[in-house]
Novice: 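Questions regarding the structure given below will be posed in turn.
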Amino acid sequence: MSETALRVWGRTIRLTGFTGEELAEVFDTFGGSIDVVTDGGKPQLTLHRQHGVADGAGERRSRHRGGSPAGKYFLDGTPFDGAEQRRDITIVSEGPGCGVYAEDRALLVVAGDTATIVADTLPPMLVSDVIEDWLLCRSRADDAVQVHCAGWLDDGQVTLAVGSSGAGKSTELFRNVRSGSSFFSNDRAFLRLRDGVLEVRSFPLPVNIGCGTIRSLDLPIPHHDLGDHDKIRLRAPEVAERFDVDYETWYPVSRIVCTSLADFHANIYWDEDDCHPFWIRSWHPGALPGAVVEELTTAIEPLITERKLLTR
């Protein structure tokens, strides 16, 4: 049986029974923060692949939702199917420490930090969604909070633009990158407090850039004469290659800009992000301790500047 050990976003994952073709999806999803390792030590998560067919009935739960409804196109102009961003799972049974789920004639059994997928054909993105859910749950268990933001690096410190879709985060980011700053994040990052310092770490994701932004900033990205509100979608490996992104380091935060405090609070996920929910219940980390929320809030508030974000 084939076996592969991967380091994904700094954590070791052991996968058995998967073909190279099946793992290609995982490399595409986490491009820039994924490597094959031979000395990764004891795995923190194990995924098994078995062949078979299974059906299950039960309540449906969201496991992933997409972002803005704008038309999206890959670098070569091929349309991106937004329906791929809407993914659910059927709950067969859930109990303390164990869960059974079904999707498209595949069965997912989760017990502790081991997940087994029984399927003749893997449903699209199921392996990636399992890994992502585990990473997000572990990050929350380590007292990190997810924030919807763009960010750029100057002199080893990060400025974050936090806000809802369409607020101008990407334009702010790429205007600063054109001026000499380094790319940090365009959609999602994680905040934590260490020794009294607010730190942030980026997460590997595709990047969607509005064609209007590409034209107004003269970015070296093809826009295919699409409308201003259409977006070019860079896959995660393309983001890592073009912008040399560092997903491993926690950087100090120097400043946070947002259109309003209300919009800031709508885009920091003290509970969970509806687009990336904690969908495997036995891994759910629970609420952040009140003391952690209070300490993070105290560190965040002095760094916030309210102003209109750039949209062109």
Side-chain angles (χ1 to χ4, degrees), residues 7-13 30 32-33 44-45 113 131-164 167 169 172-173 176 181-205 243 245-280 283-307 309:
R7 181 88 69 182
V8 184
W9 207 50
R11 297 183 185 269
T12 303
I13 301 172
F30 299 102
S33 190
Q44 296 162 286
L45 172 68
D113 285 328
I131 293 173
E132 182 187 69
D133 189 65
W134 181 78
L135 291 173
L136 298 186
C137 290
R138 291 299 87 215
S139 182
R140 167 55 63 85
D142 291 339
D143 293 341
V145 62
Q146 187 181 165
V147 61
H148 184 204
C149 65
W152 53 95
L153 270 162
D154 292 294
D155 300 321
Q157 298 189 81
V158 175
T159 297
L160 295 177
V162 178
S164 303
K169 301 184 301 299
E172 289 269 357
L173 164 62
N176 280 278
S181 302
S182 297
F183 181 105
F184 176 74
S185 174
N186 186 56
D187 187 74
R188 192 179 355 165
F190 291 79
L191 295 169
R192 74 176 187 184
L193 202 60
R194 284 295 181 272
D195 300 322
V197 176
L198 185 68
E199 297 179 332
V200 65
R201 183 181 179 186
S202 187
F203 191 87
L205 285 172
F243 301 111
V245 189
D246 178 3
Y247 293 114
E248 310 307 317
T249 304
W250 289 91
Y251 289 95
V253 180
S254 61
R255 188 167 59 117
I256 299 171
V257 296
C258 56
T259 57
S260 68
L261 284 176
D263 199 41
F264 172 83
H265 287 296
N267 287 279
I268 184 167
Y269 303 116
W270 297 112
D271 295 318
E272 65 180 2
D273 174 10
D274 289 342
C275 290
H276 305 271
F278 302 132
W279 59 274
I280 296 175
W283 290 348
H284 197 297
L288 277 172
V292 173
V293 174
E294 183 176 351
E295 290 168 0
L296 278 167
T297 301
T298 300
I300 288 168
E301 287 180 345
L303 303 180
I304 293 179
T305 298
E306 293 179 79
R307 67 166 172 80
L309 301 182

Novice: Answer yes or no: is there a side-chain heavy-atom contact under 4.5 Å between E306 and L261?
Specialist: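 Contact flag for E306/L261 side chains = yes.
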Novice: Could you measure the distance from the CG atom of N267 to the NE2 atom of H265? Nearest 0.5 Å is fine.
Specialist: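 Answer for the CG-NE2 pair, N267 versus H265, is 11.0 Å.
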Novice: Identify the heavy atoms of L173 and S185 that sit nearest to each other, and give their distance.
Specialist: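 Answer, listing the atom of L173 first, then S185: CD2-O, 3.4 Å.
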Novice: What pairs with H284 under ring-ring contact (aromatic ring centres under 6.0 Å, His included), at least two apart in sequence or on another chain?
Specialist: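 So H284 forms a ring-ring contact (aromatic ring centres under 6.0 Å, His included) with F278.
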Novice: Is the NZ or CZ atom of R192 both under 6.0 Å from the centre of the six-membered ring of W250 and within 45° of that ring's axis?
Specialist: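 Yes.
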Novice: With sequence neighbours left out, what residues match E248 under salt bridge (charged side-chain N to carboxylate O under 4.0 Å, His left out)?
Specialist: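 R201.
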Novice: Counting only heavy atoms not in Q157, do more than 12 sit closer than 6.0 Å to its CD atom?
Specialist: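 Yes, the 6.0 Å shell around CD holds more than 12 heavy atoms from other groups.
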Novice: Let me see the working for Y251 and D246 under side chain to side chain donor-acceptor pair (under 3.5 Å), right down to the final yes or no.
Specialist: CA-CA 10 Å; Y251 289 95; D246 178 3; 2.6 Å; yes
Novice: Rounded to the nearest 0.5 Å, how far does CD1 of I300 lie from CD of E295?
Specialist: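 Result: 11.5 Å between the selected atoms.
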Novice: On a heavy-atom basis, which atom in L309 and which in A167 lie closest, and how many Å separate them?
Specialist: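 Where L309 meets A167 most closely, the heavy atoms are CB-O, 3.2 Å.
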Novice: Using 0.5 Å steps for rounding, measure from the CG atom of D263 to the SG atom of C258.
Specialist: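 Those atoms lie 7.0 Å apart.
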Novice: What are the two closest heavy atoms between Y247 and G32, and how far apart are they?
Specialist: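 Closest approach of Y247 to G32, heavy atoms only: CD1-O, 3.4 Å.
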Novice: Does the K169 side chain pair with the main chain of N186, one donor and one acceptor, at a distance under 3.5 Å?
Specialist: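 No, because the side chain of K169 does not come within donor-acceptor range (under 3.5 Å) of the backbone of N186.
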Novice: Let me confirm one number: the CG-CD1 distance from L198 to I256, rounded to the nearest 0.5 Å.
Specialist: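 Answer rounded to 0.5 Å: 6.0 Å.
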Novice: How close do C149 and A189 get, counting heavy atoms only, and between which atoms?
Specialist: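 In terms of heavy atoms, the two residues are closest at SG-CB, 3.7 Å.
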Novice: In terms of the angle between their ring planes, are W283 and W134 parallel, tilted or perpendicular, with boundaries placed at 30° and 60°?
Specialist: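 Plane angle over 60°, so perpendicular.
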Novice: Could you check whether any side-chain heavy atom of H148 comes within less than 4.5 Å of a side-chain heavy atom of V162, counting everything from C-beta outward?
Specialist: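 Answer no - side chains too far apart.
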Novice: Do side-chain atoms of T12 reach the backbone of Q44 as a donor and acceptor pair under 3.5 angstrom?
Specialist: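 Judged by distance alone, no pair lies under 3.5 Å.
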Novice: Flag the pair V147 / F190 as yes when at least one side-chain heavy-atom distance between them is below 4.5 Å, and no otherwise.
Specialist: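 Result no, sub-4.5 Å side-chain heavy-atom pair not found.
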Novice: Tell me, do R188 and H276 make a side-chain contact under 4.5 Å, heavy atoms counted?
Specialist: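 Yes, their side chains come closer than 4.5 Å.
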Novice: When you measure from the side chain of T297 to the backbone N and O of V293, does any donor-acceptor pair fall under 3.5 Å?
Specialist: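 Yes.
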Novice: Please collect all salt bridge (charged side-chain N to carboxylate O under 4.0 Å, His left out) contacts where either partner lies in residues 136-152, sequence neighbours excluded, each pair once.
Specialist: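 Passing the test, one end in residues 136-152: R11-D142.
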Novice: Can N176 and T159 be counted as having a side-chain donor-acceptor contact under 3.5 angstrom?
Specialist: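 Per modelled atom types, N176 and T159 side chains form no pair under 3.5 Å.
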Novice: Looking at side-chain heavy atoms only, is the closest gap between S254 and L303 below 4.5 Å?
Specialist: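 Not touching, per the 4.5 Å side-chain cut-off.
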Novice: Between L191 and I268, is there a side-chain heavy-atom distance shorter than 4.5 Å?
Specialist: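 In contact.
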Novice: Would you call L153 and F183 a side-chain contact if the rule is heavy atoms closer than 4.5 Å?
Specialist: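 No, every pair of side-chain atoms sits at 4.5 Å or beyond.
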Novice: How long is the straight-line distance from CG of D187 back to CG of L205, given to the nearest 0.5 Å?
Specialist: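 So the gap between those two atoms works out to 5.5 Å.
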Novice: For the rings on F30 and W9, is their centre-to-centre separation under 6.0 Å?
Specialist: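 Not under 6.0 Å, so no.
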Novice: Measuring from atom CG of L45 to atom CG of L135, what distance do you get when rounded to the nearest 0.5 angstrom?
Specialist: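 Spacing of CG (L45) from CG (L135) equals 8.0 Å.
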Novice: Would a 4.5 Å heavy-atom cut-off, applied to side chains only, mark V257 and R307 as touching?
Specialist: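 Yes, their side chains come closer than 4.5 Å.
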Novice: Identify the heavy atoms of L160 and G151 that sit nearest to each other, and give their distance.
Specialist: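 Taking L160 first and G151 second, the nearest heavy atoms are CD2-CA, 4.1 Å.
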